[in-house]
Amino acid sequence: MTAYHSKDSHNPGPSLASFLSRRDLLRVGSVSLAAAALPAEITSQATAAPASTTPRKLKAKSVVFLWMAGGVTHIDSFDPKPNAPIEVRGTLDDVATNVAGIRFCETLPHLSQIADQLAVVRNFSHDSDDHLLSQVYTLSGRKVTQNQLFSEPNIGSLISHLQGPRNGLPAYIAVPGITRPGPPPHNLFVGGWMGPTHVPYCLGGLPEQADFTVGEKSYDPPALASEDLTPKSLSLGGEMTLARLSRRAALRDTFDQSLKSLEKLDALVGNEGRYQDALRLLTTPQVRGAFELSQESDRTRENYGRTKIGGRCLMARRLVEAGARFVMVDYGYDPDYGNIWDNHNVAIQNHPPLQEMVFRGYHLAGMDRAFAALITDLRERGLLDSTLVVFLTEFGRTPKINKLGGRDHWGKAGSIFFTGAGTKTGQVIGETDRTASTPTTHGYTPADIAATIYSALGIDHRAFVRDVLDRPRPILEQGRVIAELG
């Protein structure tokens with residue numbers, strides 16, 4: 001299943017049901033047998049497939065995808081407008097960074113001191129103000145309709161397909177992977193037409209309550225929080241010892257050899273490799289140890305902040321250090337905090353005005369601390385040169401503060417950043433007008449962000465891959481690499 005180039009357009013083709021055959025049933029049977037010994041989400045990891053390469057300036061071995069779903073305010077973070085009218089700028093000040101001429105909002109004191117390590121993109125822009133459409137676009141790099149919310153693979157899913165697991169770790173890991181925008185809740189972390197084997201390995205498993213709106217939300221919930229980010233699937237249960245697991249694995253191997261004697265299929269070979277990766281995840285102490293935040297010092301924990309986002313960013317660093325290929329830090333819709341970034345300030349949200357909320361430890365203040373600690377930690381450990389770190393949200397917020405003290409959806413303008421893997425840092429790419437309403441330079445879309453990530457990993461975004469039904473699909477239909485980053 002390699003990437004290849006083609007000038008032919010692809011045909012959507014018939015439905016999945018029409019392709020079910022003995023081959024499909026055998027494939028399902030093999031996966032089911034693996035599930036008898038291991039949790040299903042682990043057995044879904046795919047074997048590596050060679051990737052089409054293209055010359056690139058950024059060179060990454062790993063990616064940390066900082067996914068802040070909900071729409072982080074750009075004016076109150078990376079793109080302050082001190083000379084704008086009061087209804088736009090509000091009461092917040094801008095502050096100098098450690099790069100002459102670049103200023104951030106006062107909400108980012110830690111990131112402002114490592115601005116020389118960032119390439120801030122202030123011309124992030126697209127044409128949708130809808131959460132679901134914009135989130136799918138940003139997660140996949142592909143524009144969609146309401147009928148395609150679950151059909152397009154995440155960026156991490158295609159990387160999983162093209163480059164596969166590494167060091168016994170799944171190729172696409174979500175920390176914790178429980179964000180469900182809605183209501184009703186939507187799980188947008190999907191493999192799409194690449195199939196369920198390429199969904200992310202979510203440390204949080206299935207959320208206990210997928211609908212973040214359920215339950216009364218405190219007006220001032222505590223920011224300090226201790227999350228157990230040890231994957232649920234690493235718990236063998238009271239009666240499942242490693243010895244017993246090994247016996248189950250041996251039984252499953254015997255059955256598989258008999259099955260292969262009936263019909264030699266590439267799919268079975270692939271499933272075998274996937275199963276062995278999953279078994280290593282459970283039985284290799286070094287791999288299991290990557291998930292143990294308790295091994296970190298108190299000083300390190302304090303640097304990141306003892307918050308949910310702090311712990312998640314620290315986990316991302318540990319996974320990259322252990323060799324993980326693509327790690328998504330997921331922080332947006334929360335059972336304790338509600339819509340963290342979607343700050344309309346309607347009564348049901350029970351939020352203070354946005355320009356007060358930004359200083360809370362679970363909002364911009366916590367994000368600022370955690371992101372700065374992550375980047376500094378990666379650099380000090382010699383990992384930043386080989387790790388592309390990307391901060392992403394689906395859109396910015398309205399320039400004008402609404403009458404409730406919040407800001408609404410704004411696809412026309414937003415701010416994100418890149419660092420690591422050879423990124424040219426200490427710069428701002430693009431700019432917006434005096435009210436941060438629209439870029440005054442050409443805009444960069446989610447497709448361009450995706451193209452840049454693929455390129456940094458040596459994947460040609462113009463290439464084609466075969467989907468789960470063996471049909472040719474373009475990796476991206478649109479998008480160009482952001483040249484200013486190299």
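Every heavy atom of this structure was used, including side-chain atoms; hydrogens, water molecules and symmetry mates were not.
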Student: On a heavy-atom basis, which atom in A223 and which in Y337 lie closest, and how many Å separate them?
Tutor: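 So the minimum-distance heavy-atom pair works out to O-OH, 3.5 Å.
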Student: How are the rings of F65 and F326 set relative to one another: parallel (under 30°), tilted (30 to 60°) or perpendicular (over 60°)?
Tutor: tilted
Student: Mind telling me whether H131 and H344 have parallel, tilted or perpendicular rings, with 30° and 60° as the class edges?
Tutor: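 The rings of H344 and H131 stand perpendicular, inter-plane angle above 60°.
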Student: Flag the pair V136 / N154 as yes when at least one side-chain heavy-atom distance between them is below 4.5 Å, and no otherwise.
Tutor: no
Student: Find out whether W193 and P153 are in side-chain contact, i.e. whether some heavy atom of one side chain is under 4.5 Å from a heavy atom of the other.
Tutor: yes
Student: Are Q295 and R318 linked by a side-chain donor-acceptor pair shorter than 3.5 Å?
Tutor: yes
Student: Evaluate the side-chain hydrogen bond (donor to acceptor under 3.5 Å, both in side chains) criterion for residues S62 and R166: first the C-alpha distance (whole Å), next the side-chain angles of each, then the deciding distance (0.1 Å), finally the verdict.
Tutor: CA-CA 10 Å; S62 301; R166 185 169 59 197; 2.9 Å; yes
Student: Within the distance-only criterion (no hydrogens, no angle test), does the side chain of H461 pair as donor or acceptor with the backbone N or O of G479 below 3.5 angstrom?
Tutor: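 Checking the backbone N and O of G479 against the side chain of H461, a donor-acceptor pair under 3.5 Å is found.
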Student: Check K143 with D127, please: is the shortest side-chain N to carboxylate O separation under 4.0 Å?
Tutor: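 Counted as a salt bridge, because a side-chain N and a carboxylate O are separated by less than 4.0 Å.
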Student: Under 3.5 Å, side chain of D330 to main-chain N/O of A174, donor-acceptor pair present?
Tutor: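 Checking the backbone N and O of A174 against the side chain of D330, no donor-acceptor pair under 3.5 Å is found.
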Student: Given side chains that start at C-beta, do those of K412 and S437 come closer than 4.5 Å, heavy atoms only?
Tutor: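 Heavy-atom side-chain distance check fails, nothing below 4.5 Å.
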Student: Please name the pair of heavy atoms, one in Q113 and one in A96, separated by the smallest distance, quoted to 0.1 Å.
Tutor: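 Closest pair (atom of Q113, atom of A96, distance): NE2-O, 4.3 Å.
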Student: Nearest heavy-atom pair of I75 and A436: which atoms, and what distance?
Tutor: CG1-CB, 3.6 Å
Student: Between I155 and V63, is there a side-chain heavy-atom distance shorter than 4.5 Å?
Tutor: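 Contact flag for V63/I155 side chains = no.
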Student: Does E394 reach the main-chain N or O of G71 with its side chain, forming a donor-acceptor pair under 3.5 Å?
Tutor: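 Flag set: sc E394 to bb G71 pair under 3.5 Å.
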Student: Hey, could you give me the CG/CD1 distance between L364 and I340, rounded to the nearest 0.5 Å?
Tutor: 11.0 Å
Student: Could you tell me whether the side chain of L203 reaches within less than 4.5 Å of the side chain of P231, counting heavy atoms only?
Tutor: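 The answer is yes; the side chains approach within 4.5 Å.
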Student: Working to the nearest 0.5 Å, report the span between CG of L188 and CD of Q135.
Tutor: 6.0 Å
Student: Where the side chain of S157 meets the backbone of V190, is there a donor-acceptor pair that is under 3.5 Å apart?
Tutor: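 Checking the backbone N and O of V190 against the side chain of S157, a donor-acceptor pair under 3.5 Å is found.
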Student: Strictly below 4.0 Å, N to O, side chains only: are K424 and E484 in salt-bridge contact?
Tutor: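 E484 and K424: not salt-bridged.
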Student: Please report the shortest heavy-atom distance between Q427 and I429, naming the atom on each side.
Tutor: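 What the structure gives for the nearest pair is OE1-CG1, 3.6 Å.
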Student: Ignoring hydrogens and geometry beyond distance, is a side-chain donor-acceptor pair present between T432 and K81 at under 3.5 Å?
Tutor: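 A pair is found: one side chain offers a donor N or O, the other an acceptor, under 3.5 Å apart.
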Student: Among Q355, H363, R407, exactly one meets side-chain hydrogen bond (donor to acceptor under 3.5 Å, both in side chains) together with N343. Which residue is that?
Tutor: H363
Student: Taking only Lys NZ, Arg NE, NH1 and NH2, and the carboxylate oxygens of Asp or Glu, determine whether K59 and D385 approach each other closer than 4.0 Å.
Tutor: no
Student: Whether the side chain of H186 engages the backbone of L132 through a donor-acceptor N/O pair (distance < 3.5 Å, no angle test) should be reported.
Tutor: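 Judged by distance alone, no pair lies under 3.5 Å.
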Student: Please find the pair of heavy atoms, one from A413 and one from H74, that lie closest to each other, and give the distance.
Tutor: O-CE1, 3.6 Å
Student: How far apart are the closest heavy atoms of S125 and P439, and which atoms are they?
Tutor: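 Closest approach of S125 to P439: CB-CG, 3.8 Å.
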Student: Would the distance check show the side chain of R325 and the main-chain N or O of Q163 forming a donor-acceptor pair, the cut-off being under 3.5 Å?
Tutor: yes
Student: Just to verify, which of T97, T425, N98 counts as forming a side-chain hydrogen bond (donor to acceptor under 3.5 Å, both in side chains) with D116?
Tutor: N98
Student: Please lay out, stage by stage, how M315 and V327 fare under the test side-chain contact (heavy atoms from CB on, under 4.5 Å).
Tutor: CA-CA 9 Å; M315 178 62 77; V327 181; over 6 Å; no
Student: Is the shortest distance from a Lys or Arg side-chain nitrogen in D93 or R103 to a carboxylate oxygen in the other one below 4.0 Å?
Tutor: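 No.
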Student: Ignoring hydrogens and angles, state whether a donor on the side chain of D448 or T445 is under 3.5 Å from an acceptor on the partner side chain.
Tutor: yes
Student: Any side-chain heavy-atom pair from I375 and L118 closer than 4.5 angstrom?
Tutor: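 Result yes, sub-4.5 Å side-chain heavy-atom pair found.
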Student: Atom CG in L392, atom CE in M68: separation rounded to 0.5 Å?
Tutor: 9.5 Å
Student: Flag the pair L319 / F291 as yes when at least one side-chain heavy-atom distance between them is below 4.5 Å, and no otherwise.
Tutor: yes
Student: By the definition side-chain hydrogen bond (donor to acceptor under 3.5 Å, both in side chains), identify the one residue from T398, D342, D130 that meets it with H409.
Tutor: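 When T398, D342, D130 are each tested with H409, the side-chain hydrogen bond (donor to acceptor under 3.5 Å, both in side chains) holds only for D342.
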Student: Evaluate the criterion ring-ring contact (aromatic ring centres under 6.0 Å, His included) for residue pair F78 and F391; output intermediate values, then yes/no.
Tutor: CA-CA 12 Å; F78 293 100; F391 154 60; 5.8 Å; yes
Student: Between the side chain of T452 and the main-chain N/O of I482, is any donor-acceptor distance below 3.5 Å?
Tutor: yes
Student: Could you give the distance from CG (L374) to CZ (R379), rounded to the nearest 0.5 Å?
Tutor: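 Atom-to-atom, L374:CG and R379:CZ are 11.0 Å apart.
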Student: Distance-only, no hydrogens or angles: does the R369 side chain make a donor-acceptor pair with backbone N or O of Y304 under 3.5 Å?
Tutor: no
Student: Measuring from L111:CG to T376:OG1, what's the distance to the nearest 0.5 Å?
Tutor: 9.0 Å
Student: Looking at CG of D94 and CZ of F104, how far apart are the two atoms once the value is rounded to the nearest 0.5 Å?
Tutor: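 That separation rounds to 11.5 Å.
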Student: Is the backbone of G366 close enough, under 3.5 Å, to the side chain of T307 for a donor and an acceptor to pair up by distance?
Tutor: no
Student: Between T107 (side chain only) and D76 (backbone N and O only), is there a donor and an acceptor less than 3.5 Å apart?
Tutor: yes
Student: For a 4.5 angstrom cut-off between non-hydrogen side-chain atoms, does Y444 reach R122?
Tutor: no
